[in-house]
Amino acid sequence: MNILISNDDGIYAPGVRALAEALSDTEHRITVVCPDRERSATGHALTLQEPLRVDQISGIYPQGIEAWACSGTPSDTVKLALDALLVERPDLVLSGINRGANLGTDVLYSGTVSAAMEGVLEGVPSIAFSLSSFTHLDYSAAANFAKKMVQAIADYPLEEPILLNVNIPAIAEEDICGAVVTRLGIRRYRDQFEKRIDPRGKTYYWLSGVIIEEEAEPDTDIQAIRDNYITVTPLKYDLTYAAAMPFMNTWTDKLAHLANFVTK
């Protein structure tokens, strides 16, 4: 397969290098296009008010892997790769391996997931890989699983272009209990804004957050990671809340004389 790899931690991040190195001894053709610096939590942002700049990177990836650094967001990098840099369209888009989990509602903010989703929007199956720790620097278990998963897709292609959001527990490979298919859980944060004053006397705020630990349902990615399983969650870009459609049709019928709603 032709495989495009991107991320949101930047072209020099250890996670993306581990992923590329794990796939370098396979028969697949690998191209890496990543932001030139960390662009975490940028969601699906695009750069529209300034040009995108790219530089070819040499010396840090295995021989035979073409690598580019882009000045834009994770979504920019995949768009640019698909429409300008790659000669042949990829068969698979990979994003990661991210430093830190992307569980539950994290996917709405994640640059890692958004880069992979950009592939799906263009009709290419995609996988986002995340290691569930910001401090654990051993990506070998995650890279090994990624390699196996890529080969599984090569042997048994997905029926349609979907995004598989994969989280790997940050523990020794032999302690991982297996891999399970899950649904997204709900991950809540207590936002904290630290107020500071810059040298010119201007006020600014630094955003951080603390995860609020809550009980998670057993079939969610959040609980499965707690139980030391690798989680595989299929995602699609359609955010329509289908269960609310009957109510909304009834509700808009009642409001039609006020707001000119048209129901079907």
Side-chain angles (χ1 to χ4, degrees), residues 1-100 102 110-131 137-140 142-144 146-147 149-151 153-154 161 163 166:
M1 295 189 294
N2 291 324
I3 298 176
L4 170 64
I5 299 179
S6 189
N7 74 347
D8 71 355
D9 288 331
I11 190 72
Y12 300 106
V16 69
R17 293 170 65 180
L19 178 58
E21 288 169 4
L23 296 173
S24 65
D25 62 352
T26 66
E27 60 185 3
H28 309 301
R29 179 180 179 183
I30 310 298
T31 305
V32 179
V33 186
C34 294
D36 58 6
R37 59 195 183 280
E38 183 172 344
R39 300 300 294 267
S40 296
T42 53
H44 214 102
L46 297 175
T47 302
L48 300 178
Q49 306 302 324
E50 57 187 63
L52 293 175
R53 305 185 186 279
V54 291
D55 293 297
Q56 194 158 12
I57 302 298
S58 59
I60 67 167
Y61 286 92
Q63 187 175 3
I65 293 180
E66 191 174 90
W68 299 82
C70 170
S71 62
T73 67
S75 295
D76 286 331
T77 64
V78 176
K79 274 187 173 294
L80 187 70
L82 293 177
D83 296 328
L85 296 179
L86 298 183
V87 176
E88 296 183 20
R89 192 170 183 82
D91 302 295
L92 185 65
V93 172
L94 307 180
S95 182
I97 301 166
N98 189 63
R99 181 172 63 92
N102 279 303
S110 168
T112 302
V113 175
S114 293
M117 187 61 81
E118 192 61 50
V120 175
L121 288 170
E122 295 293 332
V124 183
S126 304
I127 311 175
F129 293 103
S130 301
L131 183 66
L137 298 179
D138 184 358
Y139 289 87
S140 58
N144 289 340
K147 183 177 180 179
M149 197 162 189
V150 166
Q151 190 56 50
I153 289 177
L163 193 166
V166 178

Let me check something: any side-chain donor-acceptor pairs from residues 62-69 under 3.5 Å, sequence neighbours excluded? List them with distances.
residue, atom, partner, partner atom, Å
E66, OE1, W68, NE1, 3.1

Output side-chain donor-acceptor pairs under 3.5 Å for residues 31-39, partner residues at least two apart or in another chain, one line each.
residue, atom, partner, partner atom, Å
E38, OE2, S40, OG, 2.9
R39, NH1, S71, O, 3.3
R39, NH1, G72, O, 3.3

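Using a 4.5 Å cut-off on side-chain heavy atoms (C-beta onward), I3 and T26 make no contact. Residues L131 and R99 are not in side-chain contact: their nearest non-hydrogen atoms beyond the backbone lie 4.5 Å or more apart. The side-chain heavy atoms of T42 and S114, taken from C-beta on, include no pair separated by under 4.5 Å. F129 is not listed as a side-chain neighbour of N7, based on a closest heavy-atom distance of 4.5 Å or more. Proximity of K147 to D25: side-chain heavy atoms (C-beta onward) are separated by under 4.5 Å at one or more points.
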Check the pair V166 / M149 against side chain to side chain contact (heavy atoms under 4.5 Å, CB included), numbers first and verdict last. CA-CA 10 Å; V166 178; M149 197 162 189; 3.8 Å; yes
Pair T77-S6, side-chain hydrogen bond (donor to acceptor under 3.5 Å, both in side chains): steps then yes or no: CA-CA 7 Å; T77 64; S6 189; 2.8 Å; yes
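Taking CG of L23 as the reference point, atom CD1 of I30 lies at 4.5 Å (rounded to 0.5 Å). Of the inter-residue distances, the one linking L92 atom CG with S126 atom OG reads 6.5 Å to the nearest 0.5 angstrom. A distance of 13.0 Å separates CZ of R17 from CD1 of I5, quoted to the nearest 0.5 Å. Atom-to-atom distance recorded for T47:OG1 and L52:CG is 5.0 Å, nearest 0.5 angstrom. Between the CG atom in N144 and the CG atom in L19 there is a gap of 11.0 Å [rounded to 0.5 Å].
Of the candidates E88, R89, H28, R29, E88 is the only one forming a side-chain hydrogen bond (donor to acceptor under 3.5 Å, both in side chains) with N2. A side chain to side chain contact (heavy atoms under 4.5 Å, CB included) with L163 is found for exactly one of V113, V93, L121, namely V113.
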